[in-house]
Trainee: 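First the structure, then my questions, so here it is.
Just so you know, ligand 1 is whichever comes first in the structure, and atom 1 is the first atom listed for that ligand.
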Amino acid sequence: MPFKSGFITLIGTPNVGKSTLLNALLGQKISIVSSRPQTTRNRILGVKHVPGGQFIFLDTPGILEPKGLLNKSMVQISLKSIAEVNLIILMIEPFSVRPAISEDLRFRLIKAGRPVFLIFNKTDLIDKKNLLPLMEQATHILPFKEIIPISALTGEGLDVLEKCILQSLPEGPPYFPEDMVTDLSERFLVGEMIREKVFRLTSQEVPYGVAVTVETFKPREDKPIIHIRATIHVERDSQKGILIGKQGKMLKTIGQQARQDMETLLGNQVFLELWVRVEKNWGNDPNLLRRFGYGE
Ligand code: GDP
Ligand code: MG
């Protein structure tokens, strides 16, 4: 059997479960997840090693109308990924087909000229008998190479998905070493873990006003502990107040939860020092966007 490998992009509307699927396939959390749209801001690369093959997944921000510079950069990341891959996985929710696949997206997919899998995610939420008509409707929209119902949350259908991916990929070398799961640095991942807790614990505009930088990431000399110092940047004083919370309670909870994730990731005890800083309107400042890792 020849070895097969290739790049696979996960696309779909915000909140459809792209990051959840990536983490489920990898068996490790590298992409942060929340119930809010637009949690993922960068291109997240994850490598899955299977007997006879290597899948290189690109998790992307959702495709939506760009508003502001940050969103523009996120949509660019998603659309760029379509043209550069061996396989496109388009994820939609199992409630309807038409609105989820816009005319514009259909056109872009045809233009990309790559095989496309259509995945109905979140099938744990529906009566399975509703699936067949949806799958039938989908065949009229695009010549999808496969149409597969899954639940990224329960793991249902993931074995079928993996089999189909292996079949579809071209012959190719293992691009990444066997022990590599992502190209993202541990420093980036710990910053993302903090951002995820902000998405989960605060509401309204606060999560969207937040960026995280990690200034210190080093083992302590006296003890087997990793010292991490990070800053949560916000756009407004009011957001700073919410993030810190009454008597620092919110910041403490964010720190505690993020630290647990970090310790799982790093397999080490972590001492986490968290700061909050106001950077007025950073979301529309090209220099700050670059500094926070959202540049082109
Ligand atoms: P993304 O924006 O496409 O990356 O979506 P996320 O992976 O961040 O997931 C958005 C929300 O949908 C989170 O609350 C997930 O827990 C939830 N979710 C993802 N997959 C499933 C699924 O298969 N079933 C259910 N019920 N919820 C899911
Ligand atoms: Mg995501």
Trainee: Show which atoms of ligand 1 fall inside a sub-4.0 Å distance from at least one heavy-atom site of G17.
Mentor: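 Listed by number with element: 1 (P), 3 (O), 5 (O), 6 (P), 7 (O), 9 (O), 19 (C).
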Trainee: Should you measure from each heavy atom of N15, which atoms of ligand 1 turn up under 4.0 Å away?
Mentor: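 Listed by number with element, the hits are 1 (P), 2 (O), 3 (O), 5 (O), 10 (C), 11 (C), 12 (O).
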Trainee: Has G12 got any heavy atom lying under 4.0 angstrom from an atom of ligand 1?
Mentor: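 G12 does not count as a contact of ligand 1 under the 4.0 Å cut-off.
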Trainee: Taking 4.0 angstrom as the limit and counting only heavy atoms of S19, give me the atoms of ligand 1 inside it, by number and element.
Mentor: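 Every atom of ligand 1 under 4.0 Å from some heavy atom of S19: 4 (O), 7 (O).
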Trainee: Which word best sums up how the rings of F176 and F7 line up, parallel for under 30°, tilted for 30 to 60°, or perpendicular for over 60°?
Mentor: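 F176 and F7: perpendicular rings.
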Trainee: Side chain or backbone, does I150 bring an N or O within less than 3.5 Å of an N or O on ligand 1?
Mentor: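 Looking only at distances, the answer is no, because the N/O contact criterion of under 3.5 Å is not met.
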Trainee: Any N or O of K18 that comes nearer than 3.5 Å to an N or O of ligand 1?
Mentor: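 Between K18 and ligand 1, an N or O pair is found under 3.5 Å apart.
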Trainee: Can you tell me how far the CD atom of Q269 sits from the CG atom of L272, to the nearest 0.5 Å?
Mentor: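 Interatomic distance, Q269 CD to L272 CG, rounded to 0.5 Å: 13.0 Å.
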Trainee: Tell me, please, which residues at least two apart from F3 pass ring-ring contact (aromatic ring centres under 6.0 Å, His included).
Mentor: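 With neighbours one apart ignored, the set is empty.
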Trainee: Less than 3.5 Å between some nitrogen or oxygen of A152 and one of ligand 1, yes or no?
Mentor: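 Yes - when backbone and side-chain N and O of A152 are compared with those of ligand 1, one distance drops under 3.5 Å.
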Trainee: Between atom OG of S151 and atom CG of L125, what is the distance when rounded to the nearest 0.5 Å?
Mentor: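 Interatomic distance, S151 OG to L125 CG, rounded to 0.5 Å: 7.5 Å.
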Trainee: Is a side-chain donor-acceptor pair under 3.5 Å present for S31 with D59?
Mentor: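 Note: D59 and S31 side chains meet the donor-acceptor criterion.
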Trainee: Check each heavy atom of S34 against ligand 1 and say whether those closer than 4.0 Å belong to the side chain, the backbone, both or neither.
Mentor: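 Backbone only.
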Trainee: Can you name the one residue among L26, V181, I165 that meets side chain to side chain contact (heavy atoms under 4.5 Å, CB included) with K48?
Mentor: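 Going through the options one by one, the only one that passes is L26.
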Trainee: Report, in ascending order of atom number, the atoms of ligand 1 lying under 4.0 Å from any heavy atom of T20.
Mentor: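 It comes down to these atoms of ligand 1: 6 (P), 7 (O), 9 (O), 15 (C), 19 (C), 20 (N).
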Trainee: Would M135 and L118 count as a side chain to side chain contact (heavy atoms under 4.5 Å, CB included) here? Give the steps.
Mentor: CA-CA 9 Å; M135 291 170 77; L118 180 67; over 6 Å; no
Trainee: Taking distance alone, with no angle check, do D59 and ligand 1 share an N/O pair under 3.5 Å?
Mentor: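 No; the residue has no nitrogen or oxygen that sits under 3.5 Å from a nitrogen or oxygen of the ligand.
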Trainee: Measuring from the Mg ion (ligand 2), count protein N/O/S atoms under 2.8 Å, please.
Mentor: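 That number is 2, waters not included.
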Trainee: Should V33 be counted as touching ligand 1, given the test is an N or O pair under 3.5 Å?
Mentor: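 In this structure, V33 places no N or O atom under 3.5 Å from an N or O of ligand 1.
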Trainee: With sequence neighbours excluded, what pairs up with V278 under the side-chain contact (heavy atoms from CB on, under 4.5 Å) test?
Mentor: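 side-chain contact (heavy atoms from CB on, under 4.5 Å) list for V278, sorted by chain: V234, D237, K240, K280.
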Trainee: I need the atoms of ligand 1 closer than 4.0 Å to a non-hydrogen atom of S35, numbered in the order shown.
Mentor: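 So the answer, numbered in order with elements, is 14 (O).
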Trainee: So does R277 have more than 12 non-hydrogen atoms from other groups sitting under 6.0 Å from CZ?
Mentor: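 Not more than 12 within 6.0 Å, no.
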Trainee: Determine, stepwise, if the pair T182 / L189 fulfils side chain to side chain contact (heavy atoms under 4.5 Å, CB included).
Mentor: CA-CA 10 Å; T182 179; L189 290 172; 4.3 Å; yes
Trainee: Would you check whether T39 reaches within less than 4.0 Å of ligand 1, judged by its heavy atoms?
Mentor: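 Not so, T39 does not reach ligand 1.
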Trainee: Mind checking ring-ring contact (aromatic ring centres under 6.0 Å, His included) for F271 and listing every partner two or more places apart, or none if nothing turns up?
Mentor: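 Partners of F271 by the ring-ring contact (aromatic ring centres under 6.0 Å, His included) criterion, ordered by chain and then number, come out as H227.
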Trainee: Atom CG in L289, atom CH2 in W282: separation rounded to 0.5 Å?
Mentor: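 Going from the CG atom of L289 to the CH2 atom of W282 covers 6.0 Å.
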Trainee: Please say which of I226, V212, I228, V270 ends up in a side chain to side chain contact (heavy atoms under 4.5 Å, CB included) with V190.
Mentor: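 Going through I226, V212, I228, V270 one by one, the side chain to side chain contact (heavy atoms under 4.5 Å, CB included) with V190 is satisfied by I228 alone.
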Trainee: Give the contacting part of L125 toward ligand 1: side chain, backbone, both or neither, where contact means a heavy-atom distance below 4.0 Å.
Mentor: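 Just the side chain.
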Trainee: Ignoring angles and geometry beyond distance, decide whether L153 reaches within less than 3.5 Å of ligand 1 through its nitrogen or oxygen atoms.
Mentor: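 There is such a contact, yes.
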